Amino acid sequence: MGAGKTTVGRALAKRLNKRFIDSDHEIEARTGASIPLIFEIEGEESFRQREAEVIRDLTAQQDIVLATGGGAILNPESRALLKSRGTVVYLRASVNSILQRTSHDKSRPLLQAADPRKRIEELARQREPYYREVAHVTIDTGRPNVQWLMQNILTQLELVAGGAADGGSANQWTDTDSSTSDTKMLQPAYITLSVDLGDRSYPIAIGHSLLSNAEIAGRYVAGERVAIVTNTVVAPLYLETLTRTLTTAGKKVATIVLPDGEEEKNWANLMRIFDVLLAEKCDRKTTLIALGGGVIGDMTGFAAATYMRGVPYIQVPTTLLAQVDSSVGGKTGINHPLGKNMVGAFYQPQAVIADTATLNTLPLRELSAGLAEVIKHGAIIDAAFFSWIESNIEKLMSKDFEALSYAIQRSCEIKADVVRKDERESGLRAILNFGHTFGHAIEAGLGYGKWLHGEAVGCGMAMAANLSHRLGFVDSQTKDRVRALVQAAGLPVDAPNLGVQRWLELMEVDKKNEGGQIKFILMKPLGSPVITTVPAEILLATIEDCVAL
């Protein structure tokens, strides 16, 4: 609803030289009545029956681009017909975008409610699983540019066609039996998103067993020489596999294994990377590959940004936190004893390759740490996604493949859109630090490595929700929802007792701060961020309320 199906569908049909049909318009033509009138006289159930009949007829036609109503997928028969008879493109929009686009539209009977936002959130929770069930291609419509959306769709359609022609062996799509039809259906072996930054744009590939996919390695690693940077925990698990894959793709591989831990994200280990690169006589065409979590990704990226004044690098994140957050966006750096990530550079990778199979070996504590960043994206950007996380937290905690894949995909889409709008964190991108002002203070105050980054962020989000409530930005129910979800994800919600003065000192060392003023990213309301300073007495009250005594 309100995602632009009619506008994009009409433009797509023109480009493909096909006939465009809107199912809602077809229903109105057949009945001689408007959709609101049908709802008023016959009710939604009768409308859905008419809609299913129209879907049945239209999906039997050839050479058309069909824009369905947002609720067409509620009918099981319609879902099966759409999926088996055509290629389904799901245009996904955030609650905020839908609300903005439909706020003055009186022709949508389902939105004539006292609280349209709440109604949109309810519809999103109800429909999202069905959209994902039928979609062959998912396109995020956060960027309101029809030509860009259409080109993105065309690119994905070409990949679908290529997968069908090649049997899925060297493309993003494979043939599998559909559970809803006897017809062979195209299902994604992996999906590709894009971080749109002009000449610095790059893909994010998300899928299973990508570390052993030589075709992907050959596609994204341009030069012949590669240096893999990893750590002592990840190396025994995946270094041999990735090295073999790259060698098969014709690459010459050097390896650099660093100690594991946030406390190892320092100058000494950065120098160890440079030592090996120089000893191996690596030149400017050598590609660095970060194989590991956020620490390895940040250090490898910083090394790539500075070695010979810049060499290409690829992120291969093996933790959930890195796959949903730190690998995307080009933030690189190391820690300083006085502050986290205070020495670094913005430097974009050539690609991000997120192999979901690596999550099988991820300890539960690390999984929870990654879920903190997933929750963050819902809390500040997409309230419907936040609700989806609430409904699926048990699946996520049990490493359900489908749930984790969707959480990674949606998180990457959200972050990619924010990075596109503000690559160097001059304004908007700072919203991605929701919970981080408190979280970074916890990490520094306890000593790096005592709490995982995601654990500190999780607790920081509970504190930020508390602060948002104290300022009147959210109600008590929202504050409690955030705290409950953080806790359900296995994350701490009670902050360590660092002492009030120490809390303030640590939060003052933050890259967002200006003129000595501590800035916070808060919710106003759930799903919408605000960057603000806070009265001292309210901040102190929040700290005292959240600290574990």
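Computed from a prediction, not measured in an experiment: that's the story for all the values here.
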Peer 1: Please evaluate residues Leu12 and Ile153 with respect to the criterion side chain to side chain contact (heavy atoms under 4.5 Å, CB included), reporting the C-alpha separation (whole Å), side-chain torsions for both, the decisive distance (0.1 Å), and the verdict.
Peer 2: CA-CA 9 Å; Leu12 188 64; Ile153 293 170; 3.9 Å; yes
Peer 1: Do side-chain atoms of Lys340 reach the backbone of Ala444 as a donor and acceptor pair under 3.5 angstrom?
Peer 2: no
Peer 1: Which distance, rounded to the nearest 0.5 Å, do you find between the CG of Leu123 and the CD1 of Ile98?
Peer 2: 8.5 Å
Peer 1: Would the Phe438 and Phe520 ring centres measure less than 6.0 Å apart?
Peer 2: yes
Peer 1: To the nearest 0.5 Å, what is the distance between SG (Cys459) and CZ (Arg483)?
Peer 2: 8.5 Å
Peer 1: Identify, with sequence neighbours excluded, every residue that meets salt bridge (charged side-chain N to carboxylate O under 4.0 Å, His left out) alongside Lys479.
Peer 2: none
Peer 1: Would you tell me whether Asn335 and Glu262 have side-chain atoms, one donor and one acceptor, within less than 3.5 Å of each other?
Peer 2: yes
Peer 1: Do the side chains of Ile314 and Ile353 get nearer than 4.5 Å, heavy atoms only?
Peer 2: yes
Peer 1: Charged N to carboxylate O below 4.0 Å: is that the case for Asp22 and Lys5?
Peer 2: no
Peer 1: Looking only at heavy atoms, which two atoms of Ala322 and Ser327 are closest? And how far apart?
Peer 2: O-OG, 2.7 Å
Peer 1: Among residues at least two apart in sequence or on other chains, which ones pass ring pair (Phe, Tyr, Trp, His ring centres under 6.0 Å) with Phe386?
Peer 2: none
Peer 1: Begin from the C-alpha positions of Tyr313 and Ile289 and carry the test side chain to side chain contact (heavy atoms under 4.5 Å, CB included) through to its verdict.
Peer 2: CA-CA 6 Å; Tyr313 85 107; Ile289 295 182; over 6 Å; no
Peer 1: Taking atom types as modelled, is there a side-chain donor on Lys265 or Asn341 under 3.5 Å from an acceptor on the other?
Peer 2: yes
Peer 1: Are a donor atom and an acceptor atom from the side chains of His377 and Ser411 found within less than 3.5 Å of each other?
Peer 2: yes
Peer 1: When rounded to the nearest 0.5 angstrom, what is the spacing between CG in Leu193 and OH in Tyr202?
Peer 2: 11.0 Å
Peer 1: Using only atom types and a distance under 3.5 Å, with no angle test, would you say the side chain of Thr332 pairs donor to acceptor with the backbone of Ala345?
Peer 2: yes
Peer 1: Any heavy-atom pair between the side chains of Val534 and Ile518 that's under 4.5 Å?
Peer 2: no
Peer 1: Could you pull out all residues at least two apart from His436 that satisfy ring pair (Phe, Tyr, Trp, His ring centres under 6.0 Å)?
Peer 2: His440, His453
Peer 1: Please determine which of Val234, Leu359, Thr361, Asn231 meets the side chain to side chain contact (heavy atoms under 4.5 Å, CB included) test together with Thr318.
Peer 2: Val234
Peer 1: Would you find a donor on one side and an acceptor on the other, under 3.5 Å apart, between the side chain of Lys415 and the backbone of Asp325?
Peer 2: yes
Peer 1: Would you name the heavy atoms of Glu263 and Asp260 that are closest together and state the gap between them?
Peer 2: OE2-O, 3.9 Å
Peer 1: Closer than 3.5 angstrom, by distance alone: can the side chain of His336 be matched with the main-chain N or O of Met342 as a donor-acceptor pair?
Peer 2: no
Peer 1: If you count heavy atoms of other groups shown closer than 6.0 angstrom to NZ of Lys399, is the number above 12?
Peer 2: yes
Peer 1: Nearest 0.5 Å please: distance from the CG atom of Asp382 over to the CD1 atom of Ile414.
Peer 2: 5.0 Å
Peer 1: Using a strict threshold of under 4.0 Å (side-chain N to carboxylate O), is an ion pair present between Arg365 and Glu455?
Peer 2: yes
Peer 1: Backbone N or O of Ser387 within a donor-acceptor pair of the Ser391 side chain at under 3.5 Å?
Peer 2: yes
Peer 1: Give a yes or no on whether the backbone of Gly4 and the side-chain of Thr7 come within a donor-acceptor separation of less than 3.5 Å.
Peer 2: no
Peer 1: Indicate yes or no: does Arg200 engage Glu423 in a salt bridge with an N to O separation below 4.0 Å.
Peer 2: yes
Peer 1: Are the side chains of Val352 and Pro317 in touch, meaning some heavy atoms are under 4.5 Å apart?
Peer 2: yes
Peer 1: For the residue pair Tyr90 and Glu128, confirm or rule out a side-chain donor-acceptor distance under 3.5 Å.
Peer 2: yes
Peer 1: Looking only at heavy atoms, what is the nearest atom pair of Tyr347 and Gly301, with distance?
Peer 2: CD2-O, 3.9 Å
Peer 1: Can Arg420 and Asp417 be counted as an ion pair, charged N to O under 4.0 angstrom?
Peer 2: yes
Peer 1: Under the salt bridge (Lys or Arg N to Asp or Glu O under 4.0 Å) rule, what do Lys331 and Asp298 come out as? Steps first, then yes or no, please.
Peer 2: CA-CA 7 Å; Lys331 277 189 176 181; Asp298 283 2; over 6 Å; no
Peer 1: Quick one, Leu371 with Ile393, criterion side chain to side chain contact (heavy atoms under 4.5 Å, CB included). Give me CA distance, side-chain angles, the key distance, then yes/no.
Peer 2: CA-CA 9 Å; Leu371 288 174; Ile393 189 63; 4.2 Å; yes
Peer 1: Taking all non-hydrogen atoms of both residues into account, name the closest pair between Ala372 and Gly454 and its distance.
Peer 2: CB-O, 3.2 Å
Peer 1: Do Thr532 and Lys519 have side chains that get closer than 4.5 Å, going by heavy atoms?
Peer 2: no
Peer 1: Rounded to the nearest 0.5 Å, what separation is found between the OG atom of Ser201 and the CG atom of Asp199?
Peer 2: 7.5 Å
Peer 1: Within the distance-only criterion (no hydrogens, no angle test), does the side chain of Ser368 pair as donor or acceptor with the backbone N or O of Ala489 below 3.5 angstrom?
Peer 2: yes
Peer 1: Taking all non-hydrogen atoms of both residues, which atom of Val418 and which atom of Arg429 are closest, and how far apart?
Peer 2: CG1-CA, 3.7 Å
Peer 1: Step by step, work out the side chain to side chain contact (heavy atoms under 4.5 Å, CB included) result for Glu122 and Arg119.
Peer 2: CA-CA 5 Å; Glu122 291 172 350; Arg119 181 59 173 147; 3.5 Å; yes
Peer 1: Determine whether Val229 and Met299 make a side-chain contact, defined as any pair of heavy atoms from C-beta on separated by less than 4.5 Å.
Peer 2: no
Peer 1: Do other residues, nucleotides or ligands put more than 12 heavy atoms under 6.0 Å from the OH atom of Tyr130?
Peer 2: no
Peer 1: May I ask you to decide if Asp355's main-chain N or O and Gln323's side chain share a donor-acceptor pair within less than 3.5 Å?
Peer 2: yes
Peer 1: State, without any angle test, whether Thr478 and Asp475 hold a side-chain donor-acceptor pair at a distance under 3.5 Å.
Peer 2: yes
Peer 1: Could you check if a side-chain atom of Gln409 sits within less than 4.5 angstrom of a side-chain atom of Thr138, using non-hydrogen atoms only?
Peer 2: yes
Peer 1: At their closest point, which heavy atom of Gly458 faces which heavy atom of Val486, and how far apart are they?
Peer 2: O-CG1, 3.4 Å
Peer 1: Is it the case that the side chains of Gln350 and Tyr220 hold a donor-acceptor pair, with the cut-off being a distance below 3.5 Å and no angle test?
Peer 2: no
Peer 1: Any chance the side chains of Arg79 and Asn75 put a donor and an acceptor closer than 3.5 Å?
Peer 2: no
Peer 1: State, yes or no, whether a side-chain contact exists between Leu467 and Phe473 at a heavy-atom distance under 4.5 Å.
Peer 2: no
Peer 1: Tell me whether Glu45 is salt-bridged to Arg48, with the criterion being a basic N under 4.0 Å from an acidic carboxylate O.
Peer 2: no
Peer 1: Backbone N or O of Gly70 within a donor-acceptor pair of the Tyr131 side chain at under 3.5 Å?
Peer 2: yes
Peer 1: Is the shortest heavy-atom distance from the side chain of Ile389 to the side chain of Leu396 under 4.5 Å?
Peer 2: yes
Peer 1: To the closest 0.5 Å, what do you measure between CH2 (Trp451) and CD1 (Ile442)?
Peer 2: 5.0 Å
Peer 1: Is there a donor-acceptor contact under 3.5 Å from the side chain of Asp545 to the main chain of Ala541?
Peer 2: no
Peer 1: Go through it in stages, so that I can follow the logic: the residues are Lys376 and Glu373, the test is salt bridge (Lys or Arg N to Asp or Glu O under 4.0 Å), and I'd like the CA-CA distance, side-chain angles, deciding distance and then a yes or no.
Peer 2: CA-CA 5 Å; Lys376 175 195 75 177; Glu373 299 290 354; 2.7 Å; yes
